[in-house]
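Report on the following structure.
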Amino acid sequence: MKSLALHWKILIGMLAGVTFGFIMLEVDGADFVASWIKPLGTIFVKLLKLIAVPLILASLIKGISDLKDISKFASIGLKTIVIYVLTTVIAISIGLILVNTLNPGDGVSTETIAKLTETYADNSSVQGKIAEASRQQASRPLDFLVDMVPDNAFSALSNNKLMLQVIFLAMFLGISLLLVGEKSAKPLKDFFDSLNDVVLKMVDLIMLSAPYAVFALLANVVVSSGDPELLYALLFYSGVVVGGLFLMICFYLVLVSVITKRNPIWFLKQISPAQLLAFSTSSSAATLPVTMERVEEHLGVDKEVSSFVLPVGATINMDGTSLYQAVAAVFIAQALDFDLTFADQLTIVLTALLASIGSAAVPGAGMVMLVIVLESVGFPADKLAIGLALIFAVDRPLDMCRTMVNVTGDATVSMIVAKFEGKLHKPKSKEWDDHLEEVI
Ligand code: ASP
């Protein structure tokens with residue numbers, strides 16, 4: 001498979017994984033997949049997570065300490081946040097317009113609601129999401145700022161969930177490095193420069209196994225999916241979500257073409273390995289190292305921009321998730337005859353925006369925030385489990401699609417910010433074996 005482009009190899013791996021999964025379902029091989037195939041995917045995701053923290057740290061410190069002027073950093077930060085908020089509001093609006101015109105919830109029969117409720121309402125995962133949402137709601141408005149500041153550098157670095165703390169630490173270190181003068185900064189700066197190159201090489205090495213890993217991940221998704229009849233009943237709802245996500249991708253392509261003046265098809269080709277991994281892992285956090293590598297080496301975004309925009313985006317910018325939340329909330333309200341006023345729809349825009357900022361970049365996080373969105377429009381607490389049960393069966397496939405959009409959104413915004421800052425260059429990609437002959 002050496003001559004094929006990486007995205008084709010991954011795509012073949014995915015198709016083979018899905019086919020294999022269906023064959024295994026036919027021969028009752030779900031257990032075989034769980035015992036012998038799934039671990040390959042799990043190891044791959046663990047490897048990606050393993051390098052996420054060192055990569056964010058090294059890349060952000062390098063990015064900031066390469067800036068000649070600290071005020072540039074403020075300008076990058078401000079543009080990033082503003083564009084992230086704008087794209088998220090557009091995503092939610094697309095979701096709301098689609099779900100309100102197509103009304104997928106109106107066609108759900110009472111039998112389907114009863115069957116879905118009976119199958120999923122007491123499911124521990126549904127109950128867990130409701131409990132998690134109430135834990136998150138109990139926090140005060142400025143808690144997120146407090147949580148962003150670590151009180152122990154090593155504990156921040158030792159927990160992948162504390163991504164914002166790592167970003168804070170790296171920014172603080174990078175800015176201080178700029179201020180100590182060149183002589184004192186040099187040894188530490190050289191260290192992080194080198195660490196950054198090494199970790200990016202680790203991404204290349206891990207990606208060699210990507211086609212096999214996605215095979216394992218997708219075979220496992222297929223064998224653990226729910227009753228096909230229930231999936232079928234939710235086809236219209238799923239179609240509306242997927243249609244909205246597709247429109248969002250088209251919107252990014254227009255932005256890439258109009259603002260950055262790059263060919264959108266070229267953009268898709270360069271970023272596709274990250275998109276396919278986002279789809280296969282359902283986690284923007286696990287995909288982050290690959291997104292960073294693709295955006296820097298294949299799209300030509302300067303590290304000064306990508307090292308900030310991408311890790312921040314993986315945590316706070318989730319256009320796909322917010323679009324999904326808008327559609328899911330209205331779908332549940334339609335199916336359970338809960339009337340939503342125009343003001344309620346505006347509340348959904350605001351809460352889905354905040355919720356997507358607060359969502360963790362891991363599988364299924366969007367559903368936790370959906371509970372908060374539903375509660376914000378006064379949805380009765382005793383019906384929450386029924387509401388979630390309605391959409392639970394298709395959550396995983398939709399999670400895969402929305403994560404792909406989340407990652408594409410981050411890559412698009414990093415290109416736009418780079419363009420505005422004059423930091424979009426001709427890409428220079430590195431291969432895993434560039435220096436191989438020196439060591440063998
Ligand atoms: N899985 C999504 C992500 O990692 C979050 C979600 O929508 O559940 O981006």
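In each ligand, atom 1 is the first atom listed, and ligand 1 is the first ligand listed.
The shortest N or O to N or O distance between A365 and ligand 1 is under 3.5 Å. In terms of polar-atom proximity, G366 is counted as a contact of ligand 1, with an N or O under 3.5 Å from an N or O of the ligand. Residue M367 has no N or O atom closer than 3.5 Å to an N or O atom of ligand 1.
Interatomic distance, L234 CG to F331 CZ, rounded to the nearest 0.5 Å: 5.5 Å. Atom CZ of F215 and atom CD1 of I10 lie 15.0 Å apart (nearest 0.5 Å).
R402 has a carboxylate O that lies under 4.0 Å from a charged side-chain N of D395, or vice versa, which qualifies the two as a salt bridge.
Aromatic ring orientation, F73 versus F308: perpendicular (interplanar angle above 60°, classes split at 30° and 60°).
Within ligand 1, the atoms closer than 4.0 Å to a non-hydrogen atom of S283 are 4 (O), numbered from 1 in the order shown. Close approach of ligand 1 to S282 is summarised as follows: ligand atoms under 4.0 Å from at least one heavy atom of the residue are 1 (N), 4 (O). Residue N406 approaches ligand 1 through these ligand atoms, each under 4.0 Å from one of its heavy atoms: 2 (C), 3 (C), 9 (O). Near G364, the atoms of ligand 1 lying under 4.0 angstrom from a non-hydrogen atom of the residue are 8 (O). Short contacts between ligand 1 and T321, defined as distances under 4.0 Å to a heavy atom of the residue, involve ligand atoms 5 (C), 6 (C), 7 (O).
For K79, the salt bridge (Lys or Arg N to Asp or Glu O under 4.0 Å) partners at least two apart in sequence or on another chain are E421. Residues passing the side chain to side chain contact (heavy atoms under 4.5 Å, CB included) test with N152, sequence neighbours excluded: F154, S155.
Looking only at heavy atoms of the protein, atom 1 (N) of ligand 1 is closest to D399 OD1, 2.8 Å. For atom 2 (C) of ligand 1, the nearest protein heavy atom (residue, atom name, distance) is T403 OG1, 3.3 Å. Here the protein heavy atom with the shortest distance to atom 4 (O) of ligand 1 is S284 N, 2.9 Å.
Counting all heavy atoms, side chain and backbone alike, M148 lies closest to P150 at O-CD, 3.4 Å.
Judged purely by distance below 3.5 Å, without hydrogens or angles, the side chains of D319 and Y324 never pair a donor atom with an acceptor atom.
At a 4.0 Å heavy-atom cut-off, ligand 1 touches V362 through the backbone alone.
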